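Atom set for the values below is all heavy atoms of this structure, side chains included, hydrogens, waters and symmetry mates excluded. The structure displayed is predicted, hence computed values, not measured ones. Chain A is the first sequence line, chain B the second, and so forth, proteins listed ahead of strands; every chain is numbered from 1.
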There are 2 protein chains.
Amino acid sequence: MAAERKPMDRRKQVLEAAARSFETFGYKATTMDQVAKLAGVGKGTIYTFFAHKEQLFEEIMSGMIRELRELADRTLRPELPFADNLMEVLHKLLDYREQHALAVKLAQEVRDIGTPMAREGLEKVERAVVTYISRHVNEASEKGEIKPCDPELTAFVMLKTYLALTAESHHLHMPLTKEEVLDYFRTYWMEGLAAR
Amino acid sequence: MAAERKPMDRRKQVLEAAARSFETFGYKATTMDQVAKLAGVGKGTIYTFFAHKEQLFEEIMSGMIRELRELADRTLRPELPFADNLMEVLHKLLDYREQHALAVKLAQEVRDIGTPMAREGLEKVERAVVTYISRHVNEASEKGEIKPCDPELTAFVMLKTYLALTAESHHLHMPLTKEEVLDYFRTYWMEGLAAR
DNA sequence: AATTGACCGAATTGTTATTTTGGTCATTAT
DNA sequence: ATAATGACCAAAATAACAATTCGGTCAATT
């Protein structure tokens with residue numbers, strides 16, 4: 001009786017255990033037995049909520065996409081200039097380490113063993129982010145705040161810049177601080193390189 | 001006697017056959033027997049000129065780096081603005097498809113089977129390009145043509161932009177034309193996104 | 001009705017046999 | 001004599017097969 005567990009939402013238990021496991025071991029090395037154990041739940045129970053491992057993973061990835069979008073939506077001030085909003089969202093994003101841990105682990109897994117599911121998951125996030133940014137680039141472009149440009153392509157290159165400054169900069173430097181990333185992003189994308 | 005071969009430079013024959021083979025089959029799937037056959041030369045002959053497969057490959061990669069640098073050096077006009085030189089070199093580079101074929105094949109090989117030698121080769125080219133660009137970014141920065149910035153990091157992000165617009169743009173669009181790549185590169189890096 | 005874990009077959013991993021390939025060198029051609 | 005060659009060898013890659021793991025099910029239990 002002492003170790004009796006409250007009828008806590010089992011679905012949530014599973015989801016959180018799975019998130020921790022994917023983040024720690026990656027997609028492939030996460031086993032359903034492991035998730036069940038971590039969630040303190042029988043393996044069969046997982047399958048009352050999720051049809052299969054892939055669905056469990058997809059649920060977590062859409063959660064990540066949703067949280068990213070909500071963070072951005074919460075931060076955006078439509079009355080402010082595009083540039084200010086961009087920097088502010090970036091700023092918030094750089095504080096938001098949790099999501100990164102899973103994304104980083106999956107990226108590593110794709111590099112090391114090329115797990116297709118991990119690759120697809122990351123591609124989905126990438127597409128969602130590009131779509132989101134491109135909508136706002138498009139609006140800014142229509143308002144005349146920025147030049148006419150292909151919104152999708154511009155969003156795509158922006159994301160690549162972000163990744164180059166965060167995930168990939170260790171090819172050259174030690175990882176940049178948050179302030180440095182913000183500074184360079186502003187220089188490259190808002191002010192331009194040309195001397196004032 | 002009819003099929004007698006001129007004392008044509010055997011080293012060159014081997015080098016060219018190897019280049020074709022690496023470009024067509026990648027590093028791993030290129031065999032020394034294959035290269036010998038393509039070069040119309042006994043296998044032993046290859047080893048009079050190159051200590052091993054790796055050296056043969058490295059020779060070809062340094063050739064690629066050297067040709068890229070010579071192309072750029074030939075094009076650069078120190079008296080012209082940084083921006084003009086950048087666009088002009090880019091222009092020439094986009095015409096220079098041959099080098100690309102090998103680089104593209106190697107990139108595919110790294111993605112598909114992760115051949116370490118292919119990865120190292122590409123990284124060497126990347127480092128060489130970043131070093132080259134960063135030297136010129138540094139000069140432009142000292143001349144006050146562009147803002148002060150970390151030259152290496154700036155060169156790195158420029159290269160990533162170039163790759164995003166050429167090699168990776170097919171994630172979104174059909175490959176961009178040479179003119180489109182030039183246009184977007186100018187917009188992003190020289191003029192800036194801000195409405196004029 | 002909700003939960004469980006022993007159970008199943010497919011897929012993965014470990015192991016051994018077979019083939020391929022980088023590199024050598026005695027022989028041949030010049 | 002020197003330059004060139006290709007049969008040859010050990011090591012590495014691959015194929016074939018055995019052993020294990022893991023996603024998913026379901027009869028038994030709570």
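Identified under the side chain to side chain donor-acceptor pair (under 3.5 Å) test for residues 148-163 of chain B, with sequence neighbours left out: A/Glu168-B/Lys160, A/His173-B/Asp150, A/Tyr188-B/Thr154, B/His100-B/Tyr162, B/Thr161-B/Trp189. Sorted by first and then second residue, the side chain to side chain donor-acceptor pair (under 3.5 Å) pairs with a member in residues 68-87 of chain B read B/Asp73-B/Tyr132; sequence neighbours excluded. Screening residues 16-30 of chain B for side chain to side chain donor-acceptor pair (under 3.5 Å) gives B/Ser21-B/Thr30 as the qualifying pairs, with residues at least two apart or on separate chains. Applying the side chain to side chain donor-acceptor pair (under 3.5 Å) test to every pair with at least one member in residues 49-66 of chain A, sequence neighbours left out, gives these pairs: A/Arg11-A/Glu59.
Atom-to-atom, NZ of B/Lys37 to P of C/dT21 comes out at 13 Å; the value is rounded to the nearest Å. As rounded to whole Å, 13 Å separates atom P of C/dT3 from atom CZ of A/Arg11. In this structure, the CG atom of A/Asp9 is 14 Å from the P atom of C/dA2, given to the nearest Å.
Across residues 111-123 of chain A, not one residue has a non-hydrogen atom less than 4.0 Å from an atom of DNA chain D.
Considering only residues two or more places apart in sequence or on other chains, B/Thr187 meets the side chain to side chain donor-acceptor pair (under 3.5 Å) condition with none of them. The side chain to side chain donor-acceptor pair (under 3.5 Å) test applied to A/Glu123 returns no partner, not counting sequence neighbours.
Within a 6.0 Å radius of NZ in B/Lys178, other residues, nucleotides and ligands contribute more than 12 heavy atoms.
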Can you give the donor-acceptor pairs under 3.5 Å from side chains of residues 36-49 of chain A to other protein atoms, not counting sequence neighbours?
unit_1  : atom_1 : unit_2  : atom_2 : d
A/Thr45 : OG1    : A/Gly42 : O      : 3.4
A/Thr48 : OG1    : A/Thr45 : O      : 2.3

Could you run down nucleotides 20-26 of chain D 5' to 3' and tag each one B, S or - for protein heavy-atom contact under 4.0 Å?
--SBBBB

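Contact annotation: A/Arg10 side-chain N/O to C/dA1 OP1/OP2 distance is not under 4.0 Å.
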